[in-house]
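Report on the structure given below.
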Amino acid sequence: MRLAKGIVAALVATAAVSACTSGSTGGTATPATQTTSSDAPTTTSKAPSTRPKEIKLDGVDPCTLLTSAQQAELKIDEAESDPAKIIQNTTSPSCSYTNNSAKAFGYHVTLVTTEGIGYWDGSGNLDVSPKTVAGYDAAQIFLKGTSTGDCSITLDVADGQQLYVQFLPLSPKAFTQDEMCQNATKGAESALSTLRTLK
């Protein structure tokens with residue numbers, strides 16, 4: 001949907017400018033965004049993952065990770081491939097799942113195969129908090145200082161890889177921050193459930 005994609009681009013650009021500051025270790029928490037900071041995030045060492053099973057993302061089509069039944073449950077109207085720049089200077093396979101109702105929103109499911117979730121440690125302008133989703137270590141991510149942007153959940157599915165799911169409102173002030181993060185978690189749980197059947 002052209003209008004929806006235009007709104008996404010505007011919101012993503014705003015988040016990108018706010019999220020990247022000189023000297024910070026953060027990247028943008030939104031897809032399909034060119035970052036302008038020359039500083040790359042620093043991946044810190046962490047305790048060994050407690051993931052139930054390593055699931056490599058190589059060769060997976062992100063547009064297969066929300067099944068028809070899951071899309072109906074999440075109220076998704078359409079899906080299309082939409083490669084994303086979640087990690088600085090790297091384009092990752094991503095799928096945009098969109099709801100075109102009056103209270104429009106989108107899910108972006110991105111497969112990052114170049115960095116694990118440690119990439120988000122110390123991300124200065126991002127609020128990053130640890131979570132556990134279906135037994136997998138995860139991080140909840142959104143831009144500090146706003147409650148109207150978006151929320152993302154990223155899962156530690158394999159060494160150096162992450163399943164990144166963003167929930168993005170396309171209607172102004174349609175969702176609270178908590179609602180956005182709850183929806184992002186639901187999307188991540190659904191995508192992980194499908195991924196487990198493919199690997």
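Residue numbers count from 1 along this sequence. Please read all numbers here as calculations on a predicted model, not as lab measurements.
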Side chain proximity check, Tyr136 to Lys53, heavy atoms < 4.5 angstrom: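 Answer yes - side chains close enough.
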
I want to check something: taking the side chain as every heavy atom from C-beta on, are Ser193 and Glu189 in contact at a cut-off of under 4.5 Å? no

Are [X] and [Y] joined in one hydrophobic group, where the rule is that I, L, V, M, F, W and Y side chains link up if heavy atoms are under 4.5 Å apart?
X      : Y      : result
Leu126 : Tyr164 : yes
Val109 : Ile153 : yes
Leu111 : Val165 : yes
Met180 : Trp120 : no
Val133 : Tyr119 : no

Got a sec: does the [atom1] of [X] have more than 12 other heavy atoms crowding it under 6.0 Å?
X      : atom1 : answer
Lys75  : NZ    : no
Glu73  : CD    : no
Lys186 : NZ    : no

If you apply the rule side chain to side chain contact (heavy atoms under 4.5 Å, CB included), what do you find for Leu195 with Thr197, and how did you get there? CA-CA 5 Å; Leu195 182 61; Thr197 70; over 6 Å; no

Identify, with sequence neighbours excluded, every residue that meets side-chain hydrogen bond (donor to acceptor under 3.5 Å, both in side chains) alongside Ser129.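 Counting only residues at least two positions away or on another chain, Ser129 forms no side-chain hydrogen bond (donor to acceptor under 3.5 Å, both in side chains).
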
With sequence neighbours left out, the residues meeting side-chain hydrogen bond (donor to acceptor under 3.5 Å, both in side chains) with Thr132 are none

If you measure from [atom1] on [X] to [atom2] on [Y], what distance do you get to the nearest 0.5 Å?
X      : Y      : atom1 : atom2 : answer
Ser147 : Asp127 : OG    : CG    : 12.0 Å
Thr98  : Glu80  : OG1   : CD    : 6.5 Å
Asp61  : Cys95  : CG    : SG    : 7.0 Å
Cys151 : Gln182 : SG    : CD    : 9.5 Å
Lys131 : Thr185 : NZ    : OG1   : 4.0 Å
Leu74  : Asn183 : CG    : CG    : 8.0 Å

Any side-chain to backbone donor/acceptor pair from Gln71 onto Leu66? Under 3.5 Å, distance only.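 Yes, the answer is positive, given that a donor and an acceptor are paired below the 3.5 Å cut-off.
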
Tell me whether Lys199 contacts the main-chain N or O of Lys56 through its side chain, where contact means a donor paired with an acceptor under 3.5 Å.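 Yes; at least one donor-acceptor contact below 3.5 Å.
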
Between the side chains of [X] and [Y], is a donor N or O closer than 3.5 angstrom to an acceptor N or O?
X      : Y      : answer
Gln70  : Thr194 : yes
Asp58  : Gln161 : yes
Thr148 : Thr146 : yes
Asn99  : Ser101 : yes

Residues which pass ring pair (Phe, Tyr, Trp, His ring centres under 6.0 Å) with Phe167, listed by chain and number, not counting sequence neighbours: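 So Phe167 forms a ring pair (Phe, Tyr, Trp, His ring centres under 6.0 Å) with Phe105, Tyr107, Phe175.
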
Checking side chain to side chain donor-acceptor pair (under 3.5 Å) between Thr110 and each of Ser152, Ser94, Ser92, Ser96, which is the one that passes?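 Looking at Ser152, Ser94, Ser92, Ser96, the match for Thr110 under the side chain to side chain donor-acceptor pair (under 3.5 Å) is Ser94.
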
Hey, are Arg51 and Asp159 close enough for a salt bridge, meaning a charged N less than 4.0 Å from a carboxylate O?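 Yes.
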
Carefully, step by step, assess Leu163 and Leu192 under the rule side chain to side chain contact (heavy atoms under 4.5 Å, CB included). CA-CA 8 Å; Leu163 172 62; Leu192 176 62; 4.3 Å; yes

Would you sort out whether Asn100 and Leu170 count as a side chain to side chain contact (heavy atoms under 4.5 Å, CB included), showing the intermediate values? CA-CA 9 Å; Asn100 296 312; Leu170 303 180; 5.7 Å; no

Do Gln162 and Asp156 pass the side chain to side chain donor-acceptor pair (under 3.5 Å) test, and can you show the C-alpha distance, the side-chain angles, and the key distance before you say yes or no? CA-CA 5 Å; Gln162 53 183 301; Asp156 173 39; over 6 Å; no

When you look at Val157 and Glu54, which way does the side chain to side chain contact (heavy atoms under 4.5 Å, CB included) test go after all the steps? CA-CA 6 Å; Val157 292; Glu54 183 173 66; over 6 Å; no

